[in-house]
Amino acid sequence: MKSVLMVAEKPSLAASLANILSNGRNSTRKGSNNACSVHEWSGNFRNENVHFKMTSVCGHVMTLDFVGKYNSWDKVDPVELFSCPTEKKEATAKLRMPAYLAQEAKGCDYLVLWLDCDKEGENICFEVMNSVSRIIRNVFSDSVTYRAHFSAITEKDVKHAMANLGHPNENEAKSVDARQELDLRIGCAFTRFQTKFFQGRYGDLDSSLISYGPCQTPTLGFCVKRHDDIQTFKPESFWYLQMYAGNPEVALEWARGRVFKKEIAMMFLNKVKESKEAKVESVSSKELYKGRPQALNTVELMKAASAGLGLGPHTAMQIAEKLYTQGYISYPRTETTQYPANFDLMGVVKILQNSSEFGEEARNIANDFNPPRKGVDCGDHPPITPMKLGNRSDFDNDAWRIYDYICRHFLGTISRDLKYKSTTATLKVGMESFSCTTSVLLDPGFTRVMTWQAFGKNESNPPFVEGEMVAINDVKMIESQTGPPDYLTESELISLMEKHGIGTDASIPVHINNICQRNYVTIASGRKLIPTTLGIVLVHGYQKIDAELVLPTMRSEVEKMLNLIARGSADYKSVLRHAVEIFRLKFLYFVQNISHMDGLFEVSFSPLAESGKAHSRCGKCRRYMKYIQTKPARLHCSHCDETYSLPNGGNVRVYRELKCPLDDFELLAFSSGTKGRSYPLCPYCYNHPPFRDMPRNSGCNMCSHPNCAHSLYTLGISSCVECESGVLVLDCTSAPSSWKLCCNRCDVIINVFKNATKVQVDEGRCDCGAQMVNVTYKSEKTKFKDGSEEKTGCIFCSPDFSHLVEKHRAIVSRPAIVNVRGRGRGGGPGGKSRGTRGRAKQPKDKMAQLAAYFV
DNA sequence: GCAAGGTC
C-alpha cells in the first residue's frame with residue numbers, strides 16, 4: 001500500500017485536519033522531536049487505497065543568516081553585509097525539524113502540503129520539500145507533491161481542498177526568500193553600523209543595541225511623530241456661543257461650532273442678543289444603533305487588552321496562547337472576523353450558560369439569539385472564541401480578565417445592537433441656529449454582557465414643542481483654546497501598524513516589545529507610548545539624513561516589489577538585486593551623513609570620556625579606566641581611547657588589584673548578585689581572547705592559561721552536571737566568606753565550604769573524574785566532623801565533604817530541564833580540547849546522583 | 001549582540 005505524507009504548519013492544525021479527513025478515525029503518536037504529532041489512517045487517494053500520515057512543522061523550518069565569518073562585528077565592515085554570502089540554517093536547532101520530516105517521509109510516495117495559505121506558508125512548503133528531497137523520490141514533481149488550498153478549517157472546506165489539490169507556488173515562496181534576505185541585510189547593516197558608531201562615542205545611551213529594522217523603526221516613527229505633534233502644537237483661541245432656554249433650562253449648542261476671531265463671535269453674540277425669544281423650528285427623534293462587535297481576531301484582542309485591561313500585546317498574547325493550550329479558547333492568532341458557516345454558535349452559548357459570571361447573559365442570548373455581523377474570512381483560522389467554561393478561580397487575575405473578555409465579546413457578537421432614541425431640538429434666533437440633543441436608551445443589546453460599553457446616562461427629552469416661541473434665558477460667548485493631542489496609546493499604535501501593513505498579527509507585539517526593550521519608548525499610565533530621548537534623536541536623525549528610512553511606506557514599497565516576484569511578473573534575482581542595491585546606496589549615504597544624526601546625539605548625551613567613574617587600571621598606560629555602568633556596560637580608557645565591553649546584567653568590581661599575567665590589565669570580579677554566578681575576568685582578554693579555544697566575552701573561567709592562578713586550567717573541577725560542554729570552575733572571587741563552583745557555560749552553581757579560609761584545587765583526581773580539592777578551616781571554626789582543620793578530597797564523593805556542598809541554580813536562569821537518563825556526554829569533543837588537561841571528565845554515576853538533586 | 005517571519 002502506498003503512503004501519503006501530509007504536513008501542516010503547526011501541530012494543532014495537523015490534529016484538526018487529520019480529524020476532519022479521517023472522519024475522526026485516526027491514531028496518534030508523538031513525533032521523535034517531541035514537538036509534533038503524527039496522525040495516521042487509511043483512506044483513498046487518487047483512486048488508490050493508501051496509508052495517510054498527517055504531521056506538521058512548527059512554523060518556518062529554516063532561517064536565513066550570514067555565513068559564519070560575517071557574524072563578527074569587529075572584522076566585517078557593515079557595508080559588506082549587502083553583498084556577502086548568506087545561508088539557510090535550521091530555524092530552531094532543538095526541534096531537528098529537517099531530520100524529523102525526513103524520518104517521517106521514509107516509505108512515503110506522495111507529499112501533500114497543508115501549510116497556511118499565505119506567502120509564508122508557500123515558502124514553508126519548499127522548506128518541507130527540501131527537507132524530504134532525499135527520501136521521497138521526485139519530490140519536486142507535480143505528480144508526487146500536492147498543495148491543499150483551504151480558506152477555513154471546516155469539514156466542507158478541508159474536504160474540498162483534498163478533492164481539488166493543486167501545487168505549491170514557487171514564485172510566492174521566492175518572494176518570501178527575497179523578503180528574508182532584504183530584512184537581514186538591511187537590518188543588520190544599519191544596526192551594526194549605528195550601534196558601533198554611537199556606542200563608541202557616548203556613555204549614557206542606556207541601550208545595548210541601537211537597532212534598525214524595516215518594521216521596528218517605522219513603529220518607533222509613529223510614536224515620535226505624535227511626540228513632535230505635541231511639542232510643536234500651538235494652542236489657538238476660539239470662541240463660541242451658548243444659549244440657555246427652556247424649562248427645565250438646557251444649554252444649546254451653536255450651529256456654527258467655533259470661530260477663530262473674537263470680533264466675529266462678538267458680532268453674532270450682539271445679533272442674537274437683540275432677540276428675547278427663539279423659535280423652536282423642529283423637534284425630531286430617531287432611533288440609533290451602536291453596533292454589536294464583529295467576531296474577535298488577534299489585533300482586536302490586543303487592542304482591547306491594552307486599552308481596556310492595561311495588558312500589553314506581548315503579555316496578552318502569552319496569556320491567550322496559554323488559554324489556548326489549556327483548551328479554554330480557540331487558536332488566538334487569526335485575522336478572520338467571520339465565523340465559519342457551520343460554526344456551532346449555540347453550542348458555545350450553552351457552554352457559557354453555567355458560568356457564575358456571565359451565565360445569565362448567556363441564557364438570555366440563548367432565548368434571543370441574533371445572528372452575528374458579517375466579517376472578513378482571511379482563510380487562516382476561525383475567530384477567537386471560548387471552547388470550554390472556566391471559573392475565576394481557575395486562572396490568575398490577568399488570565400481571567402482575558403478569558404472573561406473573550407467570552408463576553410463572543411456573547412456580544414450574537415446579541416442585538418444597542419438601540420437608543422436620539423431627540424434633537426433646533427431653535428432659531430434670526431439667522432442663527434442652536435440645538436440640543438438628548439438620548440434615551442431603548443435596548444442595551446450587547447452592552448448587557450459587554451458592560452464596559454454601557455450607555456451612559458438616560459436623559460429626558462428636550463423641553464420644547466415644535467413651532468412654539470421660547471424665552472431666551474441667556475446667551476454667552478465662551479472663549480476656549482485648542483489643546484494638543486495626547487501621546488499615542490498602544491491601542492492606537494496597533495491600529496496604525498495594521499493600517500500601514502507594518503508587521504503581522506503575530507509580529508506586532510514583537511515590534512512593540514522591541515522598541516521598549518531598546519529603550520526607544522517607555523510605557524506610561526494608560527499604556528501611552530512616550531518616546532525616550534534616544535528614540536526621538538534617532539527618528540529625527542533619520543529624518544535629517546534620509547526620511548524614507550523611517551516612513552511606514554518603506555515597508556509597503558518593498559512589499560510591492562516583492563509582489564512582482566510573487567505574481568511571477570518579475571524575476572526573483574533581478575528584483576532582489578535591485579532592492580539590495582537601493583538600500584546599499586541608502587546605507588552608504590547614511591554613513592556619509594551620520595554627522596547630521598550625531599549632531600543631535602551630541603546635545604543629548606555625554607561623550608564616553610566624560611562618562612562613568614574611575615575603576616581599574618589599563619594594562620597599556622597604567623591609568624585608571626572609567627567604568628560605564630549603563631547598558632552596555634564597558635570600561636573606557638580615555639588616554640588610550642579604547643573601550644572594553646563588560647558582561648551586562650550584573651556588577652563588576654576590582655578583584656583584589658590582581659593583574660592578568662598576559663596583558664597587565666587589572667582583573668575584575670563579575671557577579672550577578674549574591675545567589676547568581678560569578679567569575680573573575682580580564683577586561684582585555686574578555687574583548688580580545690588570548691587563546692584560540694577561548695571564546696570572546698568570557699572570563700578567566702574559560703581561559704586556558706597553563707599556570708595563571710585564575711584560569712580554567714588551574715581552577716576547573718569537573719564537567720558540568722547539567723550542560724553538555726560546561727566545566728565547573730572554583731570561584732574564589734568572594735572568598736573566604738563564600739566559595740562556589742560555577743559552570744562556565746550554564747547557570748549551575750554549587751556552594752561549597754562556607755567560611756573555609758582556603759580552598760585549593762589539588763593535583764590529584766578522584767575516581768569519579770573530578771579534581772580533588774584541599775580545604776582548610778580555622779581550628780575553632782572547622783566544619784569537619786572529626787575536628788580536623790584541613791582535608792583533601794573529592795567534592796562529590798568524599799563523605800567528609802558531603803554536608804558542606806549545597807547545590808542550586810543561579811537566580812537568573814532558564815527553566816531547569818533535567819534529563820538525567822539522556823545525558824550521554826562521556827567527555828565528548830568539548831571537554832578536553834578546551835584545554836582542561838583531561839581533568840573535566842564526566843564523573844560516573846556520582847554525577848548522576850548529583851544531577852538528581854536538581855530535579 | 002543584528003531583521004522579520006513562522007510557532008512551542
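Quick note on labels: first sequence line is chain A, next is B, and so on, each numbered from 1.
- In this structure, Leu64(A) reaches the bases: a heavy-atom distance under 4.0 Å links it to at least one base atom across the strands shown.
- For an aromatic pair to be called close, the ring centres must be under 6.0 Å apart, and Phe395(A) with Tyr328(A) satisfies this.
- Contacts of Ala506(A) with the nucleic acid, taken as non-hydrogen atoms under 4.0 Å apart, include base atoms.
- The residue Gly503(A) sits close only to the backbone: its heavy atoms come under 4.0 Å of sugar-phosphate atoms, none of a base.
- Distances shorter than 4.0 Å separate none of the side-chain N or O atoms of Ser645(A) from OP1 or OP2 on dG1(B).
- Both Gly501(A) and Lys196(A) sit near DNA chain B, but only Lys196(A) has its closest nucleotide nearer the 5' end.
- Just one residue in the list Ile512(A), Asn514(A), Val510(A) forms a side chain to side chain contact (heavy atoms under 4.5 Å, CB included) with Gln216(A), and that residue is Asn514(A).
- Within the nucleic acid shown, Pro632(A) has no heavy atom closer than 4.0 Å to any nucleic acid atom.
- For dC2(B), the OP1/OP2 oxygens have no side-chain nitrogen or oxygen of Tyr70(A) closer than 4.0 Å.
- In terms of position on DNA chain B, the residue among Asn697(A) and Cys215(A) whose nearest nucleotide sits closer to the 5' end is Asn697(A).
- Between Arg518(A) and dA3(B), a side-chain N or O to OP1/OP2 separation shorter than 4.0 Å is present.
- The nearest whole Å value for the distance from the CG atom in Asp118(A) to the C1' atom in dA4(B) is 14 Å.
- Once the 5.5 Å centre distance and the 30° plane angle are applied, the aromatic ring of Trp73(A) is found stacked with the base of dG1(B).
- Looking at the side chain of Glu9(A), the nearest of the listed nucleotides dG5(B), dT7(B), dG1(B) is dT7(B).
- If you check every strand for non-hydrogen atoms under 4.0 Å, Asp116(A) touches sugar and phosphate atoms only.
- Atom CG in Asn514(A) sits about 13 Å away from atom C1' in dG5(B), given to the nearest Å.
- At the phosphate of dA3(B), neither OP1 nor OP2 sits under 4.0 Å from any side-chain N or O atom of Gln180(A).
- Regarding Asp65(A), its CG atom lies at a distance of 14 Å from the C1' atom of dG5(B), rounded to whole Å.
- For the pair Ile210(A) CD1 and dC2(B) P, the interatomic distance rounds to 13 Å; values are reported in whole Å.
- Between Arg555(A) and dG5(B) there is a side-chain polar atom (N or O) within less than 4.0 angstrom of OP1 or OP2.
- Salt-bridge check for Asp65(A) with Lys89(A): passed, with a basic side-chain N closer than 4.0 Å to an acidic carboxylate O.
- Aromatic pair Tyr627(A)/His636(A): centroids not less than 6.0 angstrom apart.
- When all heavy atoms of Val57(A) and Leu115(A) are compared, the pair lying nearest together is CG2-CD2, 3.9 Å.
- Residue Ser507(A) places at least one side-chain N or O closer than 4.0 Å to OP1 or OP2 of dG5(B).
- In this structure, Phe583(A) reaches neither bases nor backbone, as no heavy-atom distance under 4.0 Å exists between it and the strands shown.
- Ser211(A) and Arg518(A) share a side-chain donor-acceptor pair at under 3.5 Å.
- Residues Asp74(A) and Arg696(A) are paired through a salt bridge, judged by an N-O separation under 4.0 Å between the basic side chain and the carboxylate.
- The interatomic distance linking Tyr644(A) (OH) with dG1(B) (P) rounds to 21 Å, in whole Å.
- Residue contacts shown for Tyr212(A) are limited to sugar-phosphate atoms, with no base heavy atom under 4.0 Å away.
- Among the heavy atoms of the strands lying under 4.0 Å from Pro11(A) are primed sugar atoms or P, OP1, OP2 only; no base atom is included.
- Between the CD atom of Glu122(A) and the C1' atom of dG6(B) there is a distance of 14 Å, given to the nearest Å.
- Between dT7(B) and Arg333(A), a contact under 4.0 Å exists linking OP1 or OP2 to a side-chain N or O.
- Spacing between atom NZ of Lys119(A) and atom C1' of dG5(B) amounts to 12 Å, rounded to whole angstrom units.
- Among the nucleotides dA3(B), dA4(B), dG6(B), the one closest to the side chain of Glu120(A) is dG6(B).
- Distance, Lys10(A) NZ to dT7(B) P: 4 Å, rounded to whole Å.
- Of the side-chain N and O atoms in His511(A), none sit less than 4.0 angstrom from OP1 or OP2 of dA3(B).
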